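One-based numbering along the sequence shown. As the structure is a prediction and not an experimental result, all values here were calculated from the model.
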Amino acid sequence: MLKRDPGAVGLDSLLTEITKLNDVRRLGLPEGLFADCSEKLLAAWRSRAIKMYPSDFRDTAEDARITLLAALCSSRQAEITDALVKLLRWSTRSMRVPSGGWRGSSPRS
């Protein structure tokens, strides 16, 4: 589920992305974990990890497995955050106040 991109804009997509973000944050990866790594190296680790199946991880040495998974989760956290911002922006476009404003306390007054 972590590897999937958000679906069509809607409440279900928004809630799914929020769940993914919470799941990644629960891992407790430290801020700046890969600050000393080049973006190219981090992208290579992420790319390698995204292509792997669970059985591939089991067959990988523990230090490499942890590095690959941390790189993937760290990158996905940023991507999921970006996706959430886009979903929220898109969903609020239809909620803008009409140019003349609403009369009363709600748009249906």
Side-chain angles (χ1 to χ4, degrees):
M1 183 157 150
L2 181 63
K3 293 182 180 182
R4 289 189 216 145
D5 289 327
V9 175
L11 182 58
D12 289 340
S13 296
L14 188 64
L15 294 175
T16 298
E17 292 303 297
I18 290 169
T19 299
K20 281 194 252 183
L21 184 59
N22 286 333
D23 289 346
V24 173
R25 285 182 174 168
R26 236 180 269 123
L27 294 174
L29 296 175
E31 283 290 321
L33 177 62
F34 294 103
D36 294 336
C37 294
S38 71
E39 287 183 31
K40 187 175 179 179
L41 179 59
L42 184 58
W45 286 336
R46 182 207 181 279
S47 178
R48 182 175 166 196
I50 200 89
K51 295 174 188 171
M52 294 175 73
Y53 293 101
S55 59
D56 296 331
F57 285 108
R58 283 192 296 269
D59 298 337
T60 304
E62 184 177 12
D63 56 343
R65 179 175 56 239
I66 291 169
T67 301
L68 292 171
L69 287 170
L72 174 63
C73 291
S74 177
S75 297
R76 285 298 290 147
Q77 182 172 343
E79 293 165 0
I80 293 166
T81 301
D82 291 345
L84 272 169
V85 169
K86 287 178 185 176
L87 284 169
L88 287 169
R89 279 182 159 170
W90 195 92
S91 65
T92 57
R93 285 183 186 161
S94 62
M95 295 182 206
R96 296 188 188 232
V97 176
S99 60
W102 287 315
R103 301 198 191 279
S105 60
S106 74
R108 297 184 183 182
S109 294

Item to check | Spatial distance of atom CG (Asp59) from atom CE (Met52) [nearest 0.5 Å] | outcome: 8.0 Å
Checklist entry - Are there more than 12 heavy atoms of other residues, nucleotides or ligands under 6.0 Å from atom CZ of Arg48? => result no
Checklist entry - Are Leu41 and Phe34 grouped together when hydrophobic residues (ILVMFWY) are joined by side-chain heavy atoms under 4.5 angstrom apart? => result yes
Checklist entry - Taking atom CG of Leu42 and atom CG of Leu72, what is their separation to the nearest 0.5 Å? => result 10.0 Å
Checklist entry - Any side-chain heavy atom of Lys20 sitting closer than 4.5 Å to one from Asp23? => result no
Checklist entry - Looking at CD1 of Ile66 and OG1 of Thr60, how far apart are the two atoms once the value is rounded to the nearest 0.5 Å? => result 11.5 Å
Item to check | Nearest-0.5 Å distance that lies between atom OG in Ser74 and atom CD in Glu31 | outcome: 8.5 Å
Checklist entry - How far apart are the closest heavy atoms of Cys37 and Trp45, and which atoms are they? => result SG-CZ3, 3.9 Å
Checklist entry - Thinking salt bridges, do Glu79 and Arg46 make one under a 4.0 Å N-O criterion? => result yes
Checklist outcome for this item: When rounded to the nearest 0.5 Å, the distance separating CG of Leu14 from CG of Leu88 is 5.0 Å
Checklist entry - If you look at every heavy atom in Ala49 and Leu68, which pair is closest and at what distance? => result CB-O, 3.5 Å
Checklist entry - Of the options Thr81, Asp82, Ile80, Asp12, which is the one that meets Glu17 in a side-chain contact (heavy atoms from CB on, under 4.5 Å)? => result Ile80
Checklist entry - CG/Leu27 to CG/Leu33 distance, rounded to the nearest 0.5 angstrom? => result 11.0 Å
